[in-house]
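None of these values were measured; they are calculated from a predicted model. Numbering of ligands and ligand atoms starts at 1, following listing order.
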Amino acid sequence: MKIYAAKDYKDMSRKAANLISAQVIMKPDAVLGLATGSTPVGAYEQLREWYEKGDLDFSRIRSVNLDEYKGLSGEHDQSYRYFMNHNLFDHVNIKKENTNVPSGLAEDAEAECARYDGVIRELGGIDLQLLGIGGNGHIGFNEPCDVFEKGTHVVTLTEETRRSNARFFSSIDEVPTHALTMGIGGIMGAKKVLLLASGEAKAKALYDSCFGPVTPGVPASILQLHNDAVIIADEAALAEIREKTGWEGDVYDN
Ligand code: GLP
């Protein structure tokens, strides 16, 4: 695990966009695993800017997103399909048919999960998986639990996650109770993983994920076992790591 310190949200976003750009340049038909939430918004904004300048070409890029709320259509403004279109896909030359997000409306959600794992397999796996982290250590919507779930599956969202995501909805009652999420096997199968963390609300989860025991109670802790996991975190998110390890530098090789 390599941890890179960023000064603030903007610096984190630019560093992340640089790594994603490198992937797009080095492998023009790469499979990008993409994430939603407020954390990657700045990185997507930067990618759009570099695309407009003519520095990036997404025409052969394929993508698979981590998750989707169960019950929301892609047109719902809080669905993750909508988020991706709005923040990235509508603004660059990626082909929509090459972008994948689990369907929140599938009548048979289990079948949709199996189909999604098939899509990832057919694409030949993920080259670079972008991740945010929940305040409780969740990645995608893999919530803390007793086991690491391998494949794409349906999850019941924790109250903590629903409360934290309620800020995007008009009330907590509108936050879906379930979601479809890529499993830990899908995420760990990516050749490279890039986790972003910003803000003090992530400081404890980030410390536990990087330095605590590897446990499904803190889903992101599994990344300690990935052989190419990169974390870019701003100073607020690094606070607990700085305090407990005494690390003062810019790069930590854990
Ligand atoms: C959401 C998403 C995750 C995201 C996390 C943190 O619920 N399913 O993919 O990483 O929670 O979100 P944010 O970046 O808004 O803090």
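Short contacts between ligand 1 and Arg167, defined as distances under 4.0 Å to a heavy atom of the residue, involve ligand atoms 15 (O). Each of the following atoms of ligand 1 lies closer than 4.0 Å to a heavy atom of Asn165: 1 (C), 7 (O). Residue-ligand proximity, Tyr80 to ligand 1, at heavy-atom distances under 4.0 Å covers atoms 1 (C), 2 (C), 7 (O), 8 (N). Per-residue contacts place Phe141 under 4.0 angstrom from the following atoms of ligand 1 (heavy atoms of the residue considered): 7 (O), 8 (N). Contact atoms of ligand 1 toward Gly132: 10 (O) (distance under 4.0 Å to a heavy atom of the residue).
The protein heavy-atom contact nearest to atom 8 (N) of ligand 1 is Asp67 OD2, 2.9 Å. Here the protein heavy atom with the shortest distance to atom 4 (C) of ligand 1 is Thr36 O, 4.0 Å. Nearest to atom 5 (C) of ligand 1 among the protein's heavy atoms is His138 NE2, 3.4 Å. The closest protein non-hydrogen atom to atom 16 (O) of ligand 1 is Lys202 NZ, 2.6 Å. In terms of protein heavy atoms, atom 14 (O) of ligand 1 is closest to Thr39 OG1, 2.4 Å. Protein heavy atom at the shortest distance from atom 6 (C) of ligand 1 is Ile133 O, 3.5 Å.
When all heavy atoms of Leu130 and Pro40 are compared, the closest pair comes out as CD2-CB, 4.1 Å. Pairing each heavy atom of Cys210 with each of Ile241, the nearest pair is SG-CD1, 4.3 Å.
Of the candidates Ala205, Ser38, Ala201, it is Ser38 that places a heavy atom closest to atom 15 (O) of ligand 1. Around atom 9 (O) of ligand 1, the closest heavy atom drawn from Gly37, Ser198, Gly140 belongs to Gly140.
Among the candidates Lys202, Glu200, Lys204, the single residue satisfying the side-chain contact (heavy atoms from CB on, under 4.5 Å) test with Glu240 is Lys204. For the side-chain contact (heavy atoms from CB on, under 4.5 Å) with Val64, the lone residue among Asn100, Thr152, Leu34 that qualifies is Asn100.
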Could you walk me through whether Arg81 and Thr99 satisfy the side chain to side chain donor-acceptor pair (under 3.5 Å) test, starting with their C-alpha distance in whole Å, then the side-chain angles of each, then the deciding distance to 0.1 Å, before giving a yes or no?
CA-CA 9 Å; Arg81 162 52 78 181; Thr99 67; 3.1 Å; yes
Tell me, with the steps shown, if Asp228 and Lys2 meet salt bridge (charged side-chain N to carboxylate O under 4.0 Å, His left out).
CA-CA 8 Å; Asp228 193 1; Lys2 275 212 165 137; over 6 Å; no
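Relative to the ring axis of Tyr207, Lys244 places its NZ or CZ within 45° and under 6.0 Å from the centre.
Looking at ligand 1, you won't find any N or O of Thr161 less than 3.5 Å from one of its N or O atoms.
Under the 4.0 Å criterion applied to side-chain N and carboxylate O atoms, Glu160 and Arg163 are not assigned as salt-bridge partners. A salt bridge is absent between Arg48 and Glu45; no separation between the charged side-chain nitrogens and carboxylate oxygens falls under 4.0 Å.
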